Enquirer: 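Here's a structure for you.
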2 protein chains.
Amino acid sequence: MKRSYHHGDLRQAILDATLDIIDSDGLDAVSLRAVARALRVSEAAPYHHFASKQDLLAVLAANAYAAFGQHLAEAISAAGPDPYERLRALVQAYVRYGLESRGRYRLMFGEHMLELATYPAVVAAGRPTRLILEESVAACVGPGRSDSVGLENTVWALAHGITSLVGEAEIPTGSNADAIDRLSEVAASVLIGGIRAHVQAGLC
Amino acid sequence: MKRSYHHGDLRQAILDATLDIIDSDGLDAVSLRAVARALRVSEAAPYHHFASKQDLLAVLAANAYAAFGQHLAEAISAAGPDPYERLRALVQAYVRYGLESRGRYRLMFGEHMLELATYPAVVAAGRPTRLILEESVAACVGPGRSDSVGLENTVWALAHGITSLVGEAEIPTGSNADAIDRLSEVAASVLIGGIRAHVQAGLC
DNA sequence: GTCTATAGCGTGATAGAC
DNA sequence: GTCTATCACGCTATAGAC
């Protein structure tokens, strides 16, 4: 019986269906009614598994961090031993992923996160991803340096800024992957040069 | 007669009331019905002056660029003659304004701009603001350099990234203005160091 | 414990009367 | 130029069937 969602299958089916909608039609296309329709279930059914649309998105956002973090970690590993080259690869991979999976990226870092920031589970799930950022920056500035949280946030903000502005078509690239890579490349170079100078000046 | 909106007063009243809502309750609080209620006018009345909510927001977004650009220009002027110090002031002013006027900032650079990017008037209105960015970067790299569009976008992305992440509480600052300024300061320093290195390497 | 049916309310948008 | 319906659709809560 395909539609026997009793015994807990519906919860996972809702998560899967919502992710499908996010990937195919974008984050804004998500509505609990659309999810219910896709699963041929009543409009109220999802509410027995998620108290609100926000709760559902919070779970999905928490899940999404794992895939994102793993993607970044792999890109860093493939970049070799030099910490600055690894940082460059991190920025490049961050932007690429954010634009190729725009729905999921917005799910994790979009404007609705102001409300989702109140979910401890979401915040906790995002921590490993930020740890990758921290480690990447720490590897550049060297051990024993004083806190480099400002640098980490700078790296993050730059990667997020490119992803957002290109994703919103404010920086026009015509979805040209090469143009996006070039922009990431320039940004990463500036970042690396800036961090080098910052470290040499003993500001960190 | 206070409520004689005939003869075109209503259009301006709608623009004013919407901006009031954006400033006081945020961009998400805007609805044409709320605007109509505030003006004690029927729910359908706004539609005779703006074909859709998007059209209304597009007009406001176009208007908002002027104030933002002027704010940035003033901050740059007050920073003295050194182009790098002016760039630092630009970043600082950008982030401050974006967070102090978060509703207006999202109106100009938020996620809904993907749709508004199709409005030629909006794109045109945003150009002067981007010109300020271009000139600020050009003043650093010096005249006669080849195109520095990558650097401009890098500066913009960093400023936008900080504004977004702090605004969405992803980078926690507790609305502490000093913490925000410190972050902008570090980011601007990295940016300046990176651009200097970029220029010295002859990459621009 | 799981799902359906229904209803309340807010929103964007349109048609036709004044 | 404005108003009074009216429709379609979204989120959410509640009552009740199984």
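Throughout, a chain's letter reflects where its sequence line sits, starting with A, and its residues are numbered from 1. On a predicted model such as this, the values are computed, not experimentally measured, just so you know.
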Enquirer: For the side chain of A:Leu32, starting at C-beta, report the closest nucleotide among D:dT2, D:dT14, D:dT12.
Expert: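 Shortest atom-to-atom distance from the side chain points to D:dT12.
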Enquirer: Provide, to the nearest angstrom, the distance between the CG atom belonging to B:Asp28 and the C1' atom belonging to C:dG10.
Expert: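 Rounding to the nearest Å, CG of B:Asp28 and C1' of C:dG10 are 15 Å apart.
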Enquirer: Nearest to the side chain of B:Ala45, which nucleotide is it out of D:dT14, D:dC3, C:dT14?
Expert: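 Nearest to the side-chain atoms of B:Ala45, counting from C-beta on, is D:dC3.
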Enquirer: Atom OH of B:Tyr47 and atom P of D:dC7: how far apart are they, to the nearest Å?
Expert: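 Atom-to-atom, B:Tyr47 to D:dC7, this comes out as 17 Å.
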Enquirer: Once you round it to whole Å, what is the distance between C1' of D:dG10 and CD1 of A:Ile21?
Expert: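 After rounding, the reported distance stands at 13 Å.
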Enquirer: In whole Å, what is the span from the CZ atom of A:Arg33 to the P atom of C:dA5?
Expert: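 Rounding to the nearest Å, CZ of A:Arg33 and P of C:dA5 are 13 Å apart.
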Enquirer: If you check the B:His48 side chain, which of D:dT14, C:dG12, D:dT2 turns out closest?
Expert: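 Side chain of B:His48 sits closest to D:dT2.
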Enquirer: Given D:dC11, is OP1 or OP2 found less than 4.0 Å from the side-chain N or O atoms of A:Ser52?
Expert: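 A:Ser52 to D:dC11 OP1/OP2: no side-chain N or O under 4.0 Å.
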Enquirer: Would you mind checking if A:Glu185 and A:Arg88 are paired as a salt bridge, meaning a charged N to carboxylate O distance below 4.0 Å?
Expert: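 Looking at A:Glu185 together with A:Arg88, the answer is yes, because their closest N to O distance falls below 4.0 Å.
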Enquirer: Establish, yes or no, whether the cationic atom of A:Arg196 lies under 6.0 Å from the six-membered ring centre of A:Tyr84 and within 45° of the ring axis.
Expert: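 Yes - A:Arg196 lies over the ring of A:Tyr84, closer than 6.0 Å to its centre and within 45° of its axis.
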Enquirer: Please report the distance, rounded to the nearest Å, between CZ in B:Arg40 and C1' in D:dC3.
Expert: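 Those two atoms, CZ and C1', are 16 Å apart.
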Enquirer: Whole-Å distance between C:dG12 P and B:Asp55 CG?
Expert: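 After rounding, the gap between these two atoms is 13 Å.
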Enquirer: Between B:Tyr94 and B:Ile132, is there a side-chain heavy-atom distance shorter than 4.5 Å?
Expert: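 A side-chain contact is absent here, since even the closest heavy-atom pair is not under 4.5 Å.
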Enquirer: Give the rounded distance in Å between these two atoms: CG of B:Leu57 and C1' of C:dA13.
Expert: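 The distance from CG of B:Leu57 to C1' of C:dA13 comes to 15 Å, rounded to the nearest Å.
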Enquirer: Counting only side-chain nitrogens and oxygens, does A:His49 get under 4.0 Å of the OP1 or OP2 atom of C:dC3?
Expert: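 So the side chain of A:His49 is within the cut-off, an N or O lying under 4.0 Å from OP1 or OP2 of C:dC3.
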Enquirer: Would you please say whether a donor-acceptor pair under 3.5 Å links the side chains of B:Glu152 and B:Ser148?
Expert: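 A pair is found: one side chain offers a donor N or O, the other an acceptor, under 3.5 Å apart.
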Enquirer: Roughly, in whole Å, what's the span from CG in A:Asp9 to P in C:dT2?
Expert: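 Distance, rounded to whole Å: 10 Å.
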Enquirer: Where the side chain of B:Lys53 is concerned, which of C:dG12, D:dG10, C:dC3 is the nearest nucleotide?
Expert: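 The nucleotide sitting nearest to the side chain is C:dG12.
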Enquirer: Could you tell me whether the phosphate oxygens of C:dT11, OP1 or OP2, come under 4.0 Å of any side-chain nitrogen or oxygen in B:Arg37?
Expert: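 For C:dT11, OP1/OP2 do have a side-chain N/O of B:Arg37 under 4.0 Å.
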Enquirer: Just how far is it from atom CE of A:Met113 to atom CG of B:Leu165, taken to the nearest 0.5 Å?
Expert: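 Going from CE on A:Met113 over to CG on B:Leu165, the span is 10.5 Å.
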Enquirer: Do the side-chain N or O atoms of B:Ser42 get closer than 4.0 angstrom to the phosphate oxygens (OP1, OP2) of D:dT2?
Expert: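 No.
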Enquirer: On DNA chain C, nearest-nucleotide positions of A:Glu43 versus B:Glu43: which is more 5'?
Expert: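 So the residue in question is A:Glu43.
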